[in-house]
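Structure first, commentary second.
It should be emphasised that the depicted structure is a prediction, and the values quoted were computed from it without experimental measurement.
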Amino acid sequence: MAELNNKKYISSQDLAKHNKPGDLWISIQGKVYNVSDWAQSHPGGELPLLNLAGQDVTDAFVAYHPGSAWQHLDRFFNGYYLQHYTVSEVSKDYRKLVNEFSKMGLFENRGLGVYFQLFSVAMLFSLSVYGVLCSDKAWVHLVSGGLMGLGWIQSGWLGHDSGHYQIISNKKVNRFAQILTGNCLAGISIAWWKRNHNAHHIACNSLEFDPDLQHMPFFAVSSKLFQSLRSCYYDRKMNFDKFTRFLVSYQHWTFYPVMCFARINLFAQSFMLLGSKRLRVPNRGQEILGLLVFWIWFPLLVSCLPNWGERVLFVVASFSITGIQHVQFCLNHFSSSVYVGTPVGNDWCEKQTNGSLDIVCPSWMDWFHGGLQFQIEHHLFPRLPRRYLRMIAPLVKELCKKHNLPYTSVSFTKANTLTVGTLRAAALQARDLTSPVPKNLVWEAVHTYG
């Protein structure tokens, strides 16, 4: 630490020492803030602060916070400035884009699309319930299960959006919509979703910090996971034992069947978070009540079917259709570059573009992808409503081209091919751990299929 021109400076090395619970310092535009006591109250949860503590986090802060958040920083300023603070050219251009979008009102103007989406969710659920209660035909009951799955997908897109920004201007109505579409109708805790998804965005494709890549014993997207890495999200070791090795060896065959029932994992994760005494969960009572509503109405609806055969088919149909969404979440990241280690705050654009993949689709198919088809744009600007992602895509392409950043955009079919190819490449390595590890699994995935 040093003092110059009546300013106290701290080196990057000394700042990096303040990266533990109870001792969290961050730098934003060269000013250093002590957020140790704020971590538990942070609206985005404590994980983003824990994962990025001890370094400059300006780009991540700009990406996740509105302009109004800057006025609250001074109360955390500890009097230090970051020594030799510089801004990369890509960060300068990125921040200019954020500023331009703010001036255009894109972050605030959410449009009326959310009300149409809420209406579509209500219609899909109503049709499903009507089919179960008002028909005695087995095929109608099967279709009703599919409609339930479609309703869960659309409510999932709403939950995803509401985890990033306020989808309805009134905060109380927005919160009600979150609990209704997530907890009550879909059985998934919005608190779990926000915690999981924020960690994913901050540590995009870090094998140790990104929960969206931590699916052992079922899946391993990289042979680096064979080293039994420690999950900093789950706070446990991801053991690569004989059982895991067996499952991973056939993961390219089991991927789609497992995705059909991946919803069960989300149910379990929701209960585990809400039942945890160690983790702080805002509005825990609301969250639990919402899940109880789901686990009352859904079993009751299934019980209204005439026999166990139709009940099982209804559940399987609803889960399997929703499995499409689980596949979509995987397509955007499984075949992209991964890394081992702590996420770094000053290479925001590099990490987000390297770890994400866009899906090419016509505008009339946007409803199907829920905004995930513009994954690179979404990861760079997570607060931006999905209705603007297609509009800003050319600007993001230009940014990537100017700074030699990857901008991978492929068809839905190709994305599936790359994902299965990545899983196959890792599966073959799991079968023979004596074989050399390829340097690039994306390259291996592409060439596996010729």
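A side-chain donor-acceptor contact under 3.5 Å links Asp241 and Thr244. Side-chain contact of His379 with Gln375: a donor-acceptor pair under 3.5 Å is present, judged by distance alone. Judged by distance alone, the side chains of Asp93 and His403 do bring a donor and an acceptor atom under 3.5 Å apart. For Glu377 and Tyr407, the side-chain atoms include at least one donor-acceptor pair closer than 3.5 Å. With hydrogens and angles left out, the side-chain atoms of Ser120 and Gln154 include no donor and acceptor closer than 3.5 Å.
Checking side-chain atoms of Ser231 against main-chain N and O of Lys237 turns up no donor-acceptor pair under 3.5 Å. Side-chain atoms of Asp358 come within 3.5 Å of backbone N or O of Ile376 as a donor-acceptor pair. Gln178 places no side-chain N or O within 3.5 Å of a backbone atom of Phe176 that could act as its donor or acceptor partner. A distance-only check finds no donor-acceptor pair linking the side chain of Arg424 to the backbone of His252 [under 3.5 Å]. Not a single donor-acceptor pair under 3.5 Å links the side chain of Glu350 to the backbone N or O of Leu405. The closest donor-acceptor contact from the side chain of Ser206 to the backbone of Gly341 lies under 3.5 Å. Panel note: side chain Arg230, backbone Met238; no donor-acceptor pair is recorded below 3.5 Å. One N or O on the side chain of Ser270 and one on the backbone of Ser189 form a donor-acceptor pair closer than 3.5 Å. In this structure a side-chain-to-backbone donor-acceptor pair under 3.5 Å is present from Asn174 to Ile167.
Rounding to the nearest 0.5 Å places OG of Ser249 at 6.0 Å from CZ of Arg431. The distance from the CD atom of Gln251 to the OG1 atom of Thr422 is 9.5 Å, given to the nearest 0.5 Å. One finds the OG1 atom of Thr322 at 11.0 Å from the CZ atom of Phe261 (value rounded to the nearest 0.5 Å). Taking CE of Met259 as the start and CZ of Phe319 as the end, the distance is 14.0 Å to the nearest 0.5 Å. Of the inter-residue distances, the one linking Leu274 atom CG with Asn283 atom CG reads 11.0 Å to the nearest 0.5 angstrom. Rounding to the nearest 0.5 Å gives a distance of 13.5 Å between NZ of Lys351 and CG of Leu380.
Using cut-offs of 30° and 60° on the angle between ring planes, the pair Trp193 and Phe329 is tilted. By the 30° and 60° cut-offs, the orientation of the rings of His201 relative to Tyr64 is perpendicular. Classification of the Phe314-Phe298 ring pair by plane angle, with boundaries at 30° and 60°, yields tilted. In this pair, His215 and Phe334 present their aromatic rings tilted. The plane angle is within the 30 to 60° band.
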Before you tell me yes or no, could you show the steps for Val62 and Trp348 under side-chain contact (heavy atoms from CB on, under 4.5 Å), namely the whole-Å CA-CA distance, both residues' side-chain angles and the distance that decides it to 0.1 Å? CA-CA 10 Å; Val62 166; Trp348 177 260; over 6 Å; no
Taking it one step at a time, do Cys361 and Asp366 satisfy side-chain contact (heavy atoms from CB on, under 4.5 Å)? CA-CA 7 Å; Cys361 78; Asp366 285 352; 3.7 Å; yes
Dump the intermediate steps for side-chain hydrogen bond (donor to acceptor under 3.5 Å, both in side chains) on His160 and His378, then the final yes or no. CA-CA 11 Å; His160 172 265; His378 170 59; 3.2 Å; yes
Would you sort out whether Leu124 and Trp152 count as a side-chain contact (heavy atoms from CB on, under 4.5 Å), showing the intermediate values? CA-CA 9 Å; Leu124 288 167; Trp152 283 339; over 6 Å; no
What do the steps show when you test Phe294 against Phe267 for ring-ring contact (aromatic ring centres under 6.0 Å, His included), and what is the final call? CA-CA 11 Å; Phe294 173 82; Phe267 292 154; 5.6 Å; yes
side-chain contact (heavy atoms from CB on, under 4.5 Å) for Gln227 and Val340? Distances and angles first, verdict last. CA-CA 11 Å; Gln227 301 168 20; Val340 175; 6.0 Å; no
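Looking at every heavy atom in both residues, Phe240 comes nearest to Leu225 through CB-O, 4.0 Å. For the residue pair Ala63 and Arg383, the shortest heavy atom distance occurs at O-NE, 3.4 Å. Closest heavy-atom contact between Cys349 and Val90: CB-CG2, 4.0 Å. Looking at every heavy atom in both residues, Ser335 comes nearest to Leu357 through OG-CD1, 3.8 Å. In terms of heavy-atom proximity, Ala317 sits nearest to Gly146 at CB-N, 4.0 Å. When all heavy atoms of Met148 and Leu301 are compared, the closest pair comes out as CE-CD2, 3.7 Å.
Checked against the 6.0 Å centroid threshold, Tyr94 and Phe381 count as a close aromatic pair. The aromatic ring centres of His200 and Tyr233 sit 6.0 Å or more apart.
You'll find the side chain of Pro21 reaches within 4.5 Å of the side chain of Leu50, heavy atoms only. For the pair Leu47/Ile202, no side-chain contact is recorded, criterion being any heavy-atom separation below 4.5 Å from C-beta on. Counting heavy atoms from C-beta on, the side chains of Ser356 and His333 come closer than 4.5 Å. Looking at heavy atoms from C-beta onward, Trp38 lies in side-chain contact with Leu49 at the 4.5 angstrom threshold. Inter-residue side-chain proximity for Phe218 and Phe255 is flagged as unmet; no heavy-atom pair is nearer than 4.5 Å. Side-chain contact between Phe412 and Met365: absent, with no pair of heavy atoms (C-beta onward) separated by less than 4.5 Å. Residues Asn416 and Val327 have side chains in contact (heavy-atom distance under 4.5 Å, counting atoms from C-beta outward). For the pair Arg175/Ile190, a side-chain contact is recorded, criterion being any heavy-atom separation below 4.5 Å from C-beta on.
Sparse packing is recorded around CE of Met272, with 12 or fewer heavy atoms of other residues, nucleotides or ligands lying under 6.0 Å away. Heavy-atom contacts from other residues, nucleotides or ligands closer than 6.0 Å to OH of Tyr234 number more than 12. At most 12 heavy atoms of other shown residues, nucleotides or ligands fall within 6.0 angstrom of atom CH2 in Trp253. Environment of NZ in Lys96: sparse, with no more than 12 heavy atoms of neighbouring residues, nucleotides or ligands closer than 6.0 Å.
Geometric assessment of Arg75 against the ring of Tyr33 yields a negative cation-pi assignment under the 6.0 Å and 45° thresholds. At least one test fails for Arg195 against the ring of Trp192: distance under 6.0 Å to the centre or angle within 45° of the axis.
For the side chain to side chain donor-acceptor pair (under 3.5 Å) test, residues two or more places apart in sequence or in another chain that qualify with Ser91 are Asp59, Ser88.
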